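Predicted model only: the values in this text are computed from it and were never measured.
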Amino acid sequence: MSKRLLLSACVLIFFIWAINCLANMFYWYSAMWWFDIPMHILGGAFLALLLGAIFFKKIVSLNKKEIIVTILLGVVIVGAGWEVFEYVVQHMIKGLPLANFPDSIKDMLMDIIGGFLASFFVLKAVKRYNTSHAITNL
């Protein structure tokens with residue numbers, strides 16, 4: 001596991017948590033229609049960093065395209081699971097408008113964008129690891 005990626009993911013999730021607390025306190029989600037867009041981008045970035053840290057030993061042998069696709073697949077799976085969760089909660093609590101199809105598509109796209117951007121940090125960590133690992137094996 002890459003400690004640097006895990007630390008980055010921890011810092012990012014703390015930042016997301018703090019912003020989310022402020023957003024709930026000051027009603028930013030309802031006051032600013034666009035506010036969930038950067039939050040989903042940050043969420044996708046967090047997932048990419050976390051997945052990169054968790055599966056680091058498995059992805060170091062992959063090429064760049066395979067690493068990005070692997071990370072994005074994980075982001076899509078978790079993001080889709082979250083959207084399903086929103087639909088379930090919405091149907092359990094009548095009158096709670098959490099999800100609709102266009103919003104879910106937008107949320108998934110923002111998750112993917114965040115995951116794609118953060119995957120470059122994962123690629124940098126893999127490159128750093130492979131470079132230092134190649135030097136120590138000489």
Side-chain angles (χ1 to χ4, degrees):
M1 178 180 297
S2 171
K3 290 179 185 176
R4 196 172 284 183
L5 286 176
L6 186 59
L7 178 62
S8 299
C10 289
V11 168
L12 184 56
I13 198 62
F14 178 76
F15 177 73
I16 292 169
W17 172 79
I19 295 297
N20 190 58
C21 286
L22 290 171
N24 287 323
M25 190 182 319
F26 295 112
Y27 305 100
W28 291 345
Y29 287 107
S30 57
M32 297 179 270
W33 65 267
W34 52 266
F35 189 75
D36 73 326
I37 292 173
M39 294 302 284
H40 275 277
I41 291 172
L42 291 172
F46 162 73
L47 283 172
L49 293 172
L50 184 63
L51 291 168
I54 291 170
F55 297 110
F56 191 76
K57 293 292 184 181
K58 300 213 184 299
I59 65 174
V60 291
S61 61
L62 301 176
N63 66 41
K64 289 179 183 181
K65 186 187 291 186
E66 291 170 334
I67 292 171
I68 292 172
V69 168
T70 301
I71 288 172
L72 290 182
L73 182 60
V75 169
V76 166
I77 289 169
V78 173
W82 179 259
E83 294 305 316
V84 168
F85 170 75
E86 281 186 354
Y87 275 101
V88 168
V89 169
Q90 178 174 311
H91 288 292
M92 289 176 65
I93 304 172
K94 301 296 184 202
L96 183 65
L98 285 177
N100 59 52
F101 190 70
D103 182 63
S104 293
I105 296 299
K106 175 191 54 89
D107 291 348
M108 291 292 297
L109 288 173
M110 296 306 111
D111 293 341
I112 292 168
I113 289 170
F116 181 73
L117 294 173
S119 67
F120 290 103
F121 289 100
V122 176
L123 289 174
K124 184 178 177 182
V126 167
K127 182 179 179 183
R128 187 180 318 112
Y129 174 83
N130 285 337
T131 302
S132 66
H133 192 67
I135 290 172
T136 58
N137 285 338
L138 291 179

Spacing of Leu5 atom CG and Leu12 atom CG [to the nearest 0.5 Å]
12.0 Å
Once ring pair (Phe, Tyr, Trp, His ring centres under 6.0 Å) is applied, do any residues pair with Phe116, and if so which ones, sequence neighbours excluded?
Phe120
Quick one: list whatever passes ring pair (Phe, Tyr, Trp, His ring centres under 6.0 Å) with Phe14, sequence neighbours left out.
Trp17
Quick check: are there more than 12 heavy atoms from other residues, nucleotides or ligands sitting under 6.0 Å from CZ of Phe35?
yes
Heavy atoms only: give me the nearest Ala125-Ser2 pair and the separation to one decimal.
CB-OG, 4.4 Å
For residues 59-88, which residue pairs pass the salt bridge (Lys or Arg N to Asp or Glu O under 4.0 Å) check, not counting sequence neighbours?
none
Heavy atoms, side chains only, cut-off 4.5 Å: are Phe46 and Val78 in contact?
no
Close side-chain approach of Val122 to Ile59, heavy-atom, < 4.5 Å
yes
Indicate yes or no: at least one non-hydrogen side-chain atom of Tyr87 is less than 4.5 angstrom from one of Phe101.
yes
Please check if the side chain of Asp111 supplies one atom and the backbone of Gly43 the other of a donor-acceptor pair under 3.5 Å.
no
Quick one: pull up CD1 in Ile16 and SG in Cys21 and give me the separation to the nearest 0.5 Å.
12.0 Å
Which heavy atom of Gly44 sits nearest a heavy atom of Val75, and at what distance?
O-CG2, 3.9 Å
Locate the shortest heavy-atom distance separating Asp107 from His40; write the atom from each residue and the value.
CG-NE2, 3.3 Å
Please answer: with hydrophobic residues joined when any side-chain heavy atoms are less than 4.5 Å apart, are Phe121 and Val11 in the same cluster?
no
Same cluster for Met32 and Met110 if Ile/Leu/Val/Met/Phe/Trp/Tyr side chains link at under 4.5 Å?
yes
If I take atom OG from residue Ser61 and atom CD1 from residue Ile67, how far apart are they, to the nearest 0.5 angstrom?
8.0 Å
Under 4.5 Å between side-chain heavy atoms, hopping through other hydrophobics if needed: is there a path connecting Phe15 to Leu7?
no
The reported gap from CD1 in Ile71 to CG in Leu47 (rounded to nearest 0.5 angstrom) is 11.0 Å
Decide yes or no on side chain to side chain contact (heavy atoms under 4.5 Å, CB included) for Phe55 and Thr70, but give the supporting numbers first.
CA-CA 10 Å; Phe55 297 110; Thr70 301; over 6 Å; no
Path from Phe26 to Trp33 over hydrophobic side-chain contacts below 4.5 Å:
yes
How about Trp82: does its CH2 atom have over 12 heavy atoms from other parts shown lying under 6.0 Å from it?
no
Roughly how far apart are Ile68 CD1 and Leu73 CG, rounded to 0.5 Å?
13.5 Å
Is the shortest heavy-atom distance from the side chain of Asp36 to the side chain of Lys106 under 4.5 Å?
yes
Side chains of Tyr129 and Lys57: does their closest heavy-atom pair fall under 4.5 Å?
yes
Does Tyr29 have more than 12 heavy atoms from other residues, nucleotides or ligands lying within 6.0 Å of its OH?
yes
Membership question, hydrophobic clusters at under 4.5 Å side-chain separation (ILVMFWY): are Leu49 and Leu62 in the same one?
yes
About how many Å separate CE of Met39 and CD1 of Ile19, when rounded to the nearest 0.5 Å?
6.5 Å
